[in-house]
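Working notes for the structure below.
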Amino acid sequence: MNLFADIRALTVDALTNLAEDGLLPPGLDTKNVSVEPPRDAAHGDMATNAAMVLAKPAKKKPRDIADALAPRLMADPRIASAEVAGPGFLNIRLAPVVWQTVVGAVLAQGTAFGRSDMGAGQTVNVEYVSANPTGPLHVGHTRGAVFGDALASLLEYAGHTVTREYYINDAGAQVDVLARSVYLRYLEAHGEAVDFPDGTYPGDYLVPVGQALKAKVGDVYVGKAEPFWLADVRAFATEAMMDLIRADLARLGVEMDVFFSEKSLYGTGRIEAAIDALRGKGLIYTGTLEPPKGKLPEDWEAREQTLFKSTDYGDDVDRPIMKSDGAWTYFAPDIAYHFDKTERGFDSLINVFGADHGGYVKRMKAAVAALTDNGVPLDIKLTQLVKLMRDGQELKMSKRAGTFVTLADLVEMVGSDVTRFIMLTRKNDAPLDFAVDKALEQSKDNPVYYVQYAHARVMSVLRKAAAQGIDVSDAALGAADLTKLDHAAEHALAGKLAEWPRLVEIAARTHEPHRVAFYLYDLASGLHGLWNRGNEEPSLRFLQEDVATSQAKIGLARAVSVVISAGLGILGVEPAQEMR
RNA sequence: GCACCCAUAGCUCAGCUGGAUAGAGCGCUGCCCUCCGAAGGCAGAGGUCUGAGGUUCGAAUCCUCAUGGGUGCGCCA
């Protein structure tokens, strides 16, 4: 149930009737007619801009249209009043029965209240994290993981069929570096003294990998030249790193559907097939790029390269797909990977990258647009940097200084729920200061606890009521006489609940899960407000003298907890039963 | 030099396919527990939405330019 969509449909019907009666020209385009919550509560429950949007095409004054529209809306039992205001807004007040219906719907549908069929089963591939398999995930990856996962859940909630996917860069030079580093740890496990030259990974996390390699193969690689062991060690090390990464993701409750190996694209003709697809469209050619403007790289010289004509699809320059030694650049397998995604039949693609990959957005979009003739949209969401703060000071991250903070460290410090919620209290493209000390504080300073507290309060009321022998099952509350919810403050809170399905659609459409977090904060605020008004107005307390009234009021509180629960579910956060 | 992202209250940030008098938290001032959890609530003060043009009935929102920050920029993925 989406109340705003319902009232919008009512409005459009009324406009159609006006046209049939000759009061408006026929065939007006109503797609820009909106029904929204007004910014100022004094303006009523909803407002429509219909009169202003249609004034020009109908060649009528906005107020005349609004005057004609108002009585048609008021004929509906759900509408208590419709008044013309301002430049031509129609402010709508809803009948009390509407709010009672909303609460009843939440109690009947549970966390499915707010689900949308907007996605219409469209398949979406969400690729996120995709960190190089060379070490544990760090704080930056954490934001990508949380964002991508919440976005995926949000899209599922809005009716899409979602695949969560991780692209493993296991074919480049950096996994050779990994293999050499593990080899050194392997020698160390055999008692050799080793040191780690530049261009190797000295991290302790490879010590157990070296030992595991020894346990597996004994000493067969000791004293052997690199070509003898490189491929084997690389495979072993990469697998070990992916185990590490999967374990890190599990700490956050992130579970991928697909891990896609870059290496699997090589030697199978799949890169060639993707490039051939572009060549077939006349988009591959041999040429020389202009030198970049401004400061030149020192060793710059003009070279002939195999290029993808990405400028035909909005990129700034054409991009090389093959190195001068004939090997593919990193971009070629990327193209092949996305070609593979489109061939798997996804209706749309989403990539979540760190902001430092912003420079690849245009070429990636160009590649997908070219491969699908603009048929499959690719949205790329960039997550900005995370700064960890403690006591107002930035925790500087430095591997050398030993202050490198990993995902595992962060989750260890503040827990998965707090990590996830805080990371989603900022828009993805805004930098995030993560105050580790504040995140653990149980106060209003901390939005996680504020929302959790609201949920816990409701649970507390339910426990208290149950102890008094009141049936507080959702079925019983839903069957209660909800007309007892007759106070404006209660209607206002129910109105917040009614916004939930609408918010889900907006958040899903814009690919912005942070909106869910802000909505939950707002909803929690509404509950806290009503709760405290009960201090001064006993009739607003949830527990009343008679059972029937109690059940109605508890029903409202329960409905709030259900929606909080649904929202937290999308964010991947467990609702609190009580605060401790 | 070019591209992308960003600029909203003292601070940290929301702001809905353009909508009415721009919101929240922190901080500041003053209130509210014989009462379901005060880990909360209420009220007040605080704004040329970086600047200048443009489109529109209407711009924080869209377009152009400027200023100030961040990120990236041909054989690293």
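Every chain is numbered from 1 and lettered A, B, ... according to where its sequence line falls, protein lines coming before strand lines.
Nucleotides A60(B) and A20(B) have their P atoms positioned 9 Å apart, rounded to a whole Å. Here, A66(B) and A45(B) have their C1' atoms 35 Å apart, quoted to the whole Å. Rounded to the nearest Å, the gap between the C1' atom of C42(B) and that of U50(B) is 35 Å. On the C1' atoms, U55(B) is 13 Å away from U61(B), given to the nearest whole Å. Separation of the P atoms belonging to U21(B) and G58(B) is 13 Å when rounded to the nearest angstrom. Spacing between G44(B) and A22(B) at atom P, rounded to whole Å, works out to 15 Å. Nucleotides G54(B) and C2(B) have their P atoms positioned 26 Å apart, rounded to a whole Å. U48(B) and G10(B): their P atoms are spaced 7 Å apart (whole Å).
If you check A77(B), A3(B), C36(B) against the side chain of Gln174(A), the one that comes closest is A77(B). Checked against G40(B), C76(B), C36(B), the side chain of Tyr360(A) finds its nearest nucleotide in C76(B). The Leu543(A) side chain lies nearest to C36(B) when the options are C36(B), A24(B), A38(B). Relative to the side chain of Asn532(A), the nucleotides G40(B), A38(B), C32(B) differ in distance, and G40(B) lies closest. Of the candidates G40(B), U56(B), G72(B), G40(B) carries the atom nearest the Tyr450(A) side chain, counting heavy atoms from C-beta on.
Residue whose closest nucleotide on RNA chain B sits further toward the 5' end, between Asn132(A) and Leu530(A): Leu530(A).
Leu520(A) has its CG atom 19 Å from the P atom of A24(B), to the nearest Å. For Leu540(A) and C42(B), the CG to P distance is 13 Å, given to the nearest whole Å. Across the protein-nucleic acid pair, Asp315(A) atom CG and G74(B) atom P stand 13 Å apart, rounded to whole Å. Across the protein-nucleic acid pair, Tyr201(A) atom OH and A77(B) atom P stand 11 Å apart, rounded to whole Å. Whole-Å rounding puts the Glu536(A) CD to U34(B) C1' distance at 15 Å. The interatomic distance linking Ile65(A) (CD1) with C57(B) (C1') rounds to 12 Å, in whole Å. We find that CG of Asp316(A) is positioned 11 Å from P of C5(B), with the value rounded to whole Å. Note: CG (Leu527(A)) to P (C42(B)) measures 12 Å, nearest angstrom.
The base-pairing partner of G72(B), taking Watson-Crick or G-U wobble contacts with both distances under 3.5 Å, is C2(B). Taking a pair to require two hydrogen-bonding distances under 3.5 Å in either a Watson-Crick or a G-U wobble arrangement, U61(B) remains unpaired. Across all strands shown, G47(B) has no partner, as no Watson-Crick or G-U wobble contact with both distances under 3.5 Å is found. Taking a pair to require two hydrogen-bonding distances under 3.5 Å in either a Watson-Crick or a G-U wobble arrangement, C13(B) pairs with G23(B). Of all nucleotides present, none satisfies the Watson-Crick or G-U wobble test against U55(B) with each distance under 3.5 Å.
A donor and an acceptor atom never sit less than 3.5 Å apart when one is taken from the side chain of Asp356(A) and the other from the base of G72(B).
Taking a cutoff of 4.0 Å between a charged side-chain nitrogen and a carboxylate oxygen, Lys323(A) and Asp325(A) do not qualify as a salt bridge. The residues Lys341(A) and Glu165(A) are annotated as not salt-bridged, no charged nitrogen and carboxylate oxygen being separated by less than 4.0 angstrom.
Identified under the salt bridge (Lys or Arg N to Asp or Glu O under 4.0 Å) test for residues 166-181 of chain A, with sequence neighbours left out: Asp176(A)-Arg234(A), Arg180(A)-Glu226(A). Residues in residues 83-93 of chain A take part in no side-chain hydrogen bond (donor to acceptor under 3.5 Å, both in side chains) pair, two or more places apart or across chains.
An OP1 or OP2 oxygen of C75(B) is reached within less than 4.0 angstrom by no side-chain nitrogen or oxygen of Trp328(A). A close approach under 4.0 Å does not occur between any side-chain nitrogen or oxygen of Lys387(A) and OP1 or OP2 of G70(B).
Across all strands, Arg457(A) comes closer than 4.0 Å only to sugar-phosphate atoms, never to a base (heavy-atom distances). Nucleic acid contact for Gln452(A): none, since no nucleic acid atom lies under 4.0 Å from a heavy atom of the residue. Counting any heavy atom pair closer than 4.0 Å across all strands shown, Ser460(A) reaches a base atom. Note on Pro538(A): nothing from the nucleic acid sits closer than 4.0 angstrom, heavy atoms only.
Under the rule for a salt bridge (charged side-chain N to carboxylate O under 4.0 Å, His left out), the partners of Asp522(A) that lie at least two apart in sequence or sit in another chain are Lys496(A). Residues passing the salt bridge (charged side-chain N to carboxylate O under 4.0 Å, His left out) test with Asp315(A) are Arg319(A), sequence neighbours excluded.
When atom types are taken as modelled, the side chain of Gln468(A) and the backbone of Leu543(A) share no donor-acceptor pair closer than 3.5 angstrom.
Close placement of the Tyr450(A) and Tyr521(A) rings is indicated, their centers lying within 6.0 Å of each other.
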Going by atom type alone, with no hydrogens or angles, which donor-acceptor pairs under 3.5 Å involve a side-chain atom of residues 52-63 of chain A and a protein atom two or more places apart or on another chain?
| unit_1 | atom_1 | unit_2 | atom_2 | d |
| --- | --- | --- | --- | --- |
| Arg63(A) | NH1 | Gly86(A) | O | 3.2 |

Under the side chain to side chain contact (heavy atoms under 4.5 Å, CB included) criterion, do Leu497(A) and Trp500(A) qualify, and how do the steps go?
CA-CA 5 Å; Leu497(A) 294 174; Trp500(A) 170 239; 5.8 Å; no

One character per nucleotide, please: for nucleotides 14-22 of chain B, 5' to 3', B when the base has a protein heavy atom closer than 4.0 Å, S when only the sugar-phosphate does, - otherwise.
SSBB-BB--

